[in-house]
Amino acid sequence: MLLSRRRAAALAGAATLLPRVSLAQADNRPVITIAVQKISNSNTFDLIREQSNVGERTSSLMCERLIDLDWFHGISQMPGLATEWRRIDDQTVELSLRRGVKFHNGDEMTAEDVAWCFSAQKMFGDTTPDYMGRPGNPTSGPVIGAGSKALPPEIGPVARQRFPSLVKVEATDRYTVRFVNATPDVTLEGRIAATGSEITSRRGYEDAENWLAFARKPIGTGPYRVREFRPDNLLILDAHDEYWGGRPPIKTLRFVEVPEVPSRINGLLSGEYQFACDIPPDQIGAVESRPAFEVVGGTILNIRMTDFNKTNPTLADPRVRQAFGHAIDRQAIIDSLWAGRTRIPHGLQFDYFGDMQLTDWNVPEFDPSKSRALLKAAGYKGDAIPYRLLNNYYTNQVATSQILIEMWREVGLNIELTMKENWTQIRDLSSPRGVRDWSGGASFNDPVGGMIATFGPGGSSTAAKEWTNAEFNQLATQMQTSTDKALRKRIWRRLLEIAEREDPAYTVLHQNASFTAKRRDIAWRACPSFVMDFRASNWGAGIRG
Amino acid sequence: MLRYLALRLARAALTIVLVVTFAFVVLRLSGDPALIIMSPEAPEEAIQAFRHAWGLDQPIWIQYIDYFTAIAQGDLGVSFRDGRPALQLVAERIPATLILTIPALLLKICVGIPAGIHAALHRNSTTDRLVMAAAVAGFTVPSFVLGLLLVLLFAVQLGWLPSGGQESWRSMILPVITLGFGGAGVLARFTRSAMLEVLGQPYIRTALAKGVPWHRVVRGHALPNAAIPTVTVVGFMVGSLIAGAVVVESVFSWPGVGRLLVVSVSNRDLAVVQCILLLVASTMVVSNLIVDLLYGVLDPRLRAGASGGH
């Protein structure tokens, strides 16, 4: 058969196209666009530097931890990149790594990568474990823009807060690692399962141009890998088809930063986005009035509170602080501002504390007459109590504060509200401070990861010179190193008594909630967290359990 | 003329220095970038390390001297969040903003000025009232309200255009209309007022009495004389090309300088905010300078006054 040059060229061209067409046809997975208020506060996906809920949302798709959390079954610990773990002693945990796990660069994950992730080079910088004492000068290192592989100086201290007494992580063989602590610590597994303990590729880091480049395009083991990140604008993730947990169900995930709520909802309704995150409760009705859409989500691992400043002369008397707590009708706030879609927790505790949660513990009951009696007993004469407020840093913050002020006024408290722009102004020491808003979480499944981290020795409340209590500090220290479960529960009860009743550091308002609007025909479940799970086990027909 | 120009340039430089100094002081006194970028829960050691690394633990006057020394060497600082030179960050965003603000400026000029002239020439007619009603609506309806209304209509209800983002040329249409509508209203009002004032002048009556055709009176006498206030307003609009779309960029999730400014102010990314303010102040000052020079072109009397003639 004779072929003309033109025909031969056309056939050759078609031949080169054929495999691509068939490949494209084979991959009929969807491209999903998600509108979020913020992709990342720090413009990186390094969760030690990022330290935010929004960062956790995207990072969890790229990087995983040795011990995972089962979001749909009580946020219990489950095998992640480690298949099993065991206690060698009170200070040592040994983990067996999952075999055959591939990083985004094709390398197999080994114990060497894990040990490197918890090294001074990657995580701790020039900080030292707590038992060696804290350095007097700020840690040093290049700023993120210096183009260096060295850690930015702020990373080490944050990492050390997560693992205050970790001495080393050693690889005992290719698939086994040991976490060795300086002191007994029953929370070590919880810390390994917490944000900041993500495993990334050592070679990936060495190949990256600098720290910042890796922090923006981490080489992890997660179901999706970074294709493109345009800070404050767009994040595109592609499926990591060698993912150990099965082929991801979505070809490409696009996170689009849309700062305005109406714009996110409009984009969802017009079909440009399949998901719109960070939907305030007052918009749930508007979205669900259209049958094709629904709002999913609910309580997350975060509790809204009002914090007290003990150094304020009026608030120095604990009875005045106690009066605040009894004046609040928490259910009214939940019903009116949260459409009833959250709840009052058992104090600053979470269900995932498991046995450590004291389910018989409750927030101060709503009893205005008790508040009035407490104020009378304290000799409160109506002195103004400053209330510094941020403009909706938290969902519904301003509306909640307006309700609170009226409730407090009802029992005789004189609140002086001042709007502030940022946390520096909230903490400013140049004028008297009184009450302020706060939200508390628990970075792992133990009280040590929550209340103690904030109000205990070295916590942010102590650092801000707002509240401290000698007995609380002594018990908090004891709780961090105790391995006696019964003793730890007793200490925990006493800590709650001190911080929520006797010498209130705060009063709990309600559990926080997060809502995501989506097309109703997409089968997908929201986690009780900002984390978005787009693995096969949580998508379409693949949804399990 | 040279002395006049030198004086104007000196005043322009002083204005820029004052703007940057004001921003420098206010931004540093009103928020600690370490607390904002690291989160209020960060340990004290991390906050201290951040401040130390970026020189924020130095007295403010030392930071101020360092800043101006660096500017003199062409260094506008490095972003706390991005790690890249602030100027590079801002420069990357400028095209995205200009492809909105330049068409919007053309829209304002092409719609606002003819509409204002037409309304003035048909004073108290139905057309005049319609044009003025639209103009008042244009500059009284906030751009975020107009933007959302347009999105509801053209994106959500009709599905003709995207609701936001920077996906294709179609994404530009709604933000440009939103930006242009208000400005066109302002220009229409100014042009109409200026034209009415000029049309009431004795020299217009004289020209008409001498038998000059109406269209030549309008083109040759009314329009040039009415141009000065209009050019002033257009000058302000040119000056705000770089950062004049802050609200619209937020409503339409448009990744321009306006969005960068909002994010950088809220994160106290000092170098980036200062860089944007420096550019905005410079653009505004230069455009005002050009407008001043244009006055001389449009009105020969001002030219004579500037050169000391009579």
Side-chain angles (χ1 to χ4, degrees), chain A residues 35 41-44 49-52 125 127 134-135 137-147 152-158 160-161 210-212 230-234 256-260 262-264 266-267 269-273 421-427 438 453-454 458 460 463-464, chain B residues 29-55 57 78-85 89 93 144 147-148 151-152 154-159 161-167 250-255 259-260 262-264 266-268:
Chain A
N41 287 339
S42 67
N43 278 344
T44 76
R49 188 166 201 266
E50 173 63 18
Q51 296 193 86
S52 75
T127 63
R134 304 236 167 161
N137 297 317
T139 53
S140 58
V143 296
I144 57 166
E154 63 271 21
I155 300 287
V158 179
R160 190 54 73 188
Q161 188 186 45
N210 52 42
W211 181 89
L212 184 62
R230 284 186 238 155
D232 301 324
N233 184 15
L234 176 70
V256 185
E257 193 163 307
V258 184
E260 301 298 322
S263 303
R264 289 199 293 279
N266 286 336
L269 300 183
S270 66
E272 289 157 73
Y273 317 135
E421 194 202 340
N422 51 50
W423 286 103
T424 315
Q425 295 170 13
I426 293 283
R427 289 183 174 181
W438 187 248
T454 304
S460 57
Chain B
L29 295 184
S30 62
D32 179 0
L35 263 186
I36 296 166
I37 290 174
M38 293 297 300
S39 113
E41 286 181 86
E44 191 59 22
E45 291 91 337
I47 303 283
Q48 293 299 339
F50 184 93
R51 286 181 187 142
H52 184 67
W54 290 95
D57 53 354
V78 173
S79 162
F80 295 147
R81 296 174 69 231
D82 214 80
R84 287 188 297 156
L89 260 179
R93 299 291 191 102
F144 69 89
L148 289 174
V151 167
L152 274 176
F154 291 104
V156 178
Q157 296 300 330
L158 300 172
L161 294 167
S163 66
Q166 193 189 12
E167 301 291 323
S250 291
V251 170
F252 290 97
S253 317
W254 190 270
R259 279 272 311 279
L260 182 64
V262 171
V263 171
S264 303
S266 62
N267 285 293
R268 288 296 185 275

(request) Check side-chain hydrogen bond (donor to acceptor under 3.5 Å, both in side chains) between A:R427 and all other residues, then give those that pass, not counting sequence neighbours. (result) none
(message) Under the side chain to side chain contact (heavy atoms under 4.5 Å, CB included) test against A:N422, which residue among B:D32, B:I36, B:N267 passes?
(response) B:I36
(message) Nearest 0.5 angstrom please: B:L158 CG to A:S270 OG, how far?
(response) 11.5 Å
(request) Would you name the heavy atoms of A:G267 and B:S163 that are closest together and state the gap between them? (result) CA-OG, 3.3 Å
(message) Just so I know, are the side chains of A:P262 and B:F144 near enough to count as touching, which here means a heavy-atom distance under 4.5 Å?
(response) no
(request) Heavy atoms only, distances under 4.5 angstrom: which of A:N41, A:T424, A:V158 has the most pairs with chain B? Name it, please. (result) A:T424
(request) Could you tell me which portion of B:F80 (side chain, backbone, both or neither) has an atom closer than 4.5 angstrom to a non-hydrogen atom of chain A? (result) backbone
(message) Which atoms of A:E272 are under 4.5 Å from chain B, going by heavy atoms: the side chain, the backbone, both sets, or neither?
(response) side chain
(request) Taking all heavy atoms of B:A49 and all of A:P153, pick out the closest pair and write down the distance. (result) CB-O, 3.5 Å
(message) What's the separation between atom CD1 in A:I426 and atom CG in B:L35, rounded to the nearest 0.5 Å?
(response) 11.0 Å
(message) Using heavy-atom distances under 4.5 Å, tell me whether B:V151 contacts chain A through its side chain, its backbone, both, or neither.
(response) side chain
(message) Working to the nearest 0.5 angstrom, can you tell me the gap between B:S253 OG and A:N266 CG?
(response) 10.0 Å
(request) With a 4.5 angstrom heavy-atom cut-off, could you sort out which part of B:V156 is near chain A: side chain, backbone, both or neither? (result) both
(request) Please say which of B:L260, B:V263, B:D82 ends up in a side chain to side chain contact (heavy atoms under 4.5 Å, CB included) with A:P231. (result) B:D82
(request) Answer with side chain, backbone, both or neither: which region of B:R268 has an atom nearer than 4.5 Å to a non-hydrogen atom of chain A? (result) side chain
(message) Can you tell me which of A:R230, A:R264, A:E421 forms the most heavy-atom pairs within a distance under 4.5 Å of chain B?
(response) A:E421
(request) With sequence neighbours left out, write down each residue that passes side-chain hydrogen bond (donor to acceptor under 3.5 Å, both in side chains) with A:S263, or none if nothing qualifies. (result) none
(request) First locate atom CZ of B:F50, then atom CZ of A:R49, and finally report the distance between them rounded to the nearest 0.5 Å. (result) 5.5 Å
(message) What part of A:V256 gets within 4.5 angstrom of chain B, counting heavy atoms only: side chain, backbone, both, or neither?
(response) neither
(message) If I take atom CG from residue A:L269 and atom CD from residue B:Q157, how far apart are they, to the nearest 0.5 angstrom?
(response) 9.0 Å
(request) Return yes if some donor-acceptor pair links the side-chain N/O of B:R259 with the main-chain N/O of A:D232 below 3.5 Å, else return no. (result) yes
